[in-house]
There are 2 protein chains.
Amino acid sequence: MDQQVKDKKTAIMDAALKLFTERGFHGTSTAQISKDAGVATGTLFNYFPTKEDLINSLYFEVKGRLSSCIKEGIDSEATFEARMKKLWSNFIRCGVNNPEEFLFVGQFSSSPYITKITREEAMKEYDVILDMVEEGFGNGKTGNYSMELAMLIFYHSSRAVVSLILDSGSLQDMDEIIEDGFQILWKGLSPE
Amino acid sequence: MDQQVKDKKTAIMDAALKLFTERGFHGTSTAQISKDAGVATGTLFNYFPTKEDLINSLYFEVKGRLSSCIKEGIDSEATFEARMKKLWSNFIRCGVNNPEEFLFVGQFSSSPYITKITREEAMKEYDVILDMVEEGFGNGKTGNYSMELAMLIFYHSSRAVVSLILDSGSLQDMDEIIEDGFQILWKGLSPE
DNA sequence: TTAAAGATTGACTAATCAGTCATTGGTGTT
DNA sequence: AACACCAATGACTGATTAGTCAATCTTTAA
């Protein structure tokens, strides 16, 4: 039973994730999700009272997956630069290795029906960056710039790089792109 | 007649832009657009054969508006750094001054139903950056980084900064944010 | 073995969707 | 005034939507 339940629920979330990234939230019907998941339409509504509940649940699930991926293997004994580089690399590799999750989060964040508060909540996940930046650069300023600005540029640049790698489809250049991207940011964000 | 026609068409596009940025493409019905524009549903379909045609027409219209805004007042006699700074400032000010257009383009670009080819076409608009970067930094590399990477970071950072300004609602800090953001990018992108 | 409890089903509904088309009404010409 | 022309209309359609629910099947426990 317990396993069965988990199977159905997981199947629904898997199908939903795939379809949402392919066709968007409004573009995907609950009927289609159920069909792809191999369950009846009623079953979907047993687990998720409304479509919106499904979207939100899926978002927290996906955010969790990416979050643990992003924090992996950061050695707190390493130098600040090494840790930043690892974080940068993790962000990009997690996105490239989990393209559906990556696209879903992007779509969710820029979605108009998601409120501003939810979007801020969404951003909280990436306070890892903010924490690390603040710890490394002292209080309030990197070079002469605000921490929030630094974090935003770091985060959005990493997303841009993931898109570049996914669109070009050339995974072999990935290491070089990651390295080059980090050099730009590190040079830009460091104090003189 | 001619003016009448233009009025109705403009009203439809204005209403569509507003609603699309508020509720998304699928979340906005043609009936609602017509109602907000003050025309009958049939009238909308006189001007735009399908909803998709309306979205595409609107996209090219909006892209055009932003494009001319972005290129304004760049003095080709100025130094490379001055021109880059002006371009950066224009990107951000155009976004802040035209929030609906800014959000619409972002939504359109990250929309799943827009094909990869259309998205590349969309990006062509911002070859202004690529052209300028290539002209200023020579052929192929900025510092040691590829031009495309530099352009993507420039573009996505500018979008991040616009979002920051729009979300915080604090227009008075804008000049400082623009300046700080530019310093990060300029330092990052410049050769040693 | 049996019965209660809970999970699953899919036909169904009311609402909403994009798009149609016969009709109307305003304008310019003669 | 009589006509032609065409933009504008909005009631209408068939398709699709999120969500419901009585009936059926599966699991558990006595």
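Below, chains carry the letters A, B, ... as their sequence lines are ordered, and counting in each starts from 1.
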Q: Measure centre to centre between the rings of A/F154 and A/F182, then say whether the value is under 6.0 Å.
A: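 When the ring centroids of A/F154 and A/F182 are compared, they turn out to be at least 6.0 Å apart.
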Q: Please enumerate all protein N or O atoms sitting under 3.5 Å from an N or O of nucleotides 10-13 of chain C, with distances to 0.1 Å.
A:
{"residue": "C/dA11", "atom": "N6", "partner": "A/T41", "partner atom": "OG1", "Å": "3.2"}

Q: If you round to the nearest 0.5 Å, how far is CE of A/M151 from CG of B/L164?
A: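 It comes to 9.0 Å.
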Q: Walk me through whether B/E72 and B/K86 qualify under salt bridge (charged side-chain N to carboxylate O under 4.0 Å, His left out).
A: CA-CA 9 Å; B/E72 253 171 33; B/K86 178 69 177 170; over 6 Å; no
Q: Is the distance from OP1 or OP2 of D/dA7 to the nearest side-chain N or O of B/Y47 less than 4.0 Å?
A: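 So the side chain of B/Y47 is outside the cut-off, no N or O lying under 4.0 Å from OP1 or OP2 of D/dA7.
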Q: Indicate, with a heavy-atom threshold strictly under 4.0 Å, whether A/T28 touches base, sugar-phosphate, or nothing.
A: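 Since only primed, P, OP1 and OP2 atoms lie under 4.0 Å of A/T28, the category is sugar-phosphate.
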Q: Measure NZ/B/K35 against P/C/dA18 and give the value in whole Å, please.
A: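 The answer, rounded to whole Å, is 15 Å.
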Q: Would you kindly give the CZ-to-C1' distance between B/F45 and D/dG10, to the nearest whole Å?
A: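 It works out to 13 Å between those atoms.
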Q: For A/Q32 and D/dG19, give me the distance from atom CD to atom P, rounded to whole Å.
A: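 It works out to 17 Å between those atoms.
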Q: I need the CZ-C1' distance between A/R23 and D/dT16, as an integer number of Å.
A: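 After rounding, the gap between these two atoms is 14 Å.
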Q: Rounded to the nearest Å, what distance is computed from the CD1 atom of residue B/I33 to the C1' atom of nucleotide C/dT16?
A: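 Result: 15 Å.
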Q: So, B/E135 and B/R83, do they make that salt bridge, N to O below 4.0 Å?
A: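 Salt bridge: yes.
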Q: Can you name the side-chain contact (heavy atoms from CB on, under 4.5 Å) partners of B/T79, sequence neighbours left out?
A: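 Listed in chain order: B/E81, B/A82.
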Q: Would you say C/dT16 has OP1 or OP2 under 4.0 Å from some side-chain N or O of B/S29?
A: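 So the side chain of B/S29 is outside the cut-off, no N or O lying under 4.0 Å from OP1 or OP2 of C/dT16.
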Q: I need the CD1-P distance between B/I12 and D/dA7, as an integer number of Å.
A: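 Rounded to the whole Å, the gap is 13 Å.
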Q: When you check the phosphate oxygens OP1 and OP2 of C/dT9, does a side-chain N or O of A/K8 lie under 4.0 Å from one of them?
A: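 So the side chain of A/K8 is within the cut-off, an N or O lying under 4.0 Å from OP1 or OP2 of C/dT9.
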Q: What do the steps show when you test B/I33 against B/L54 for side-chain contact (heavy atoms from CB on, under 4.5 Å), and what is the final call?
A: CA-CA 11 Å; B/I33 297 170; B/L54 168 58; 3.9 Å; yes
Q: Using whole Å, what does the distance between atom P of nucleotide D/dA8 and atom CG of B/L44 come to?
A: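 In whole Å, D/dA8 P lies 12 Å from B/L44 CG.
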Q: Calculate, to the nearest 0.5 Å, the distance between atoms OG and CE belonging to B/S89 and B/M174 respectively.
A: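 Going from OG on B/S89 over to CE on B/M174, the span is 8.0 Å.
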Q: What integer distance in Å separates A/N46:CG from C/dT8:P?
A: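 Value for this atom pair: 7 Å.
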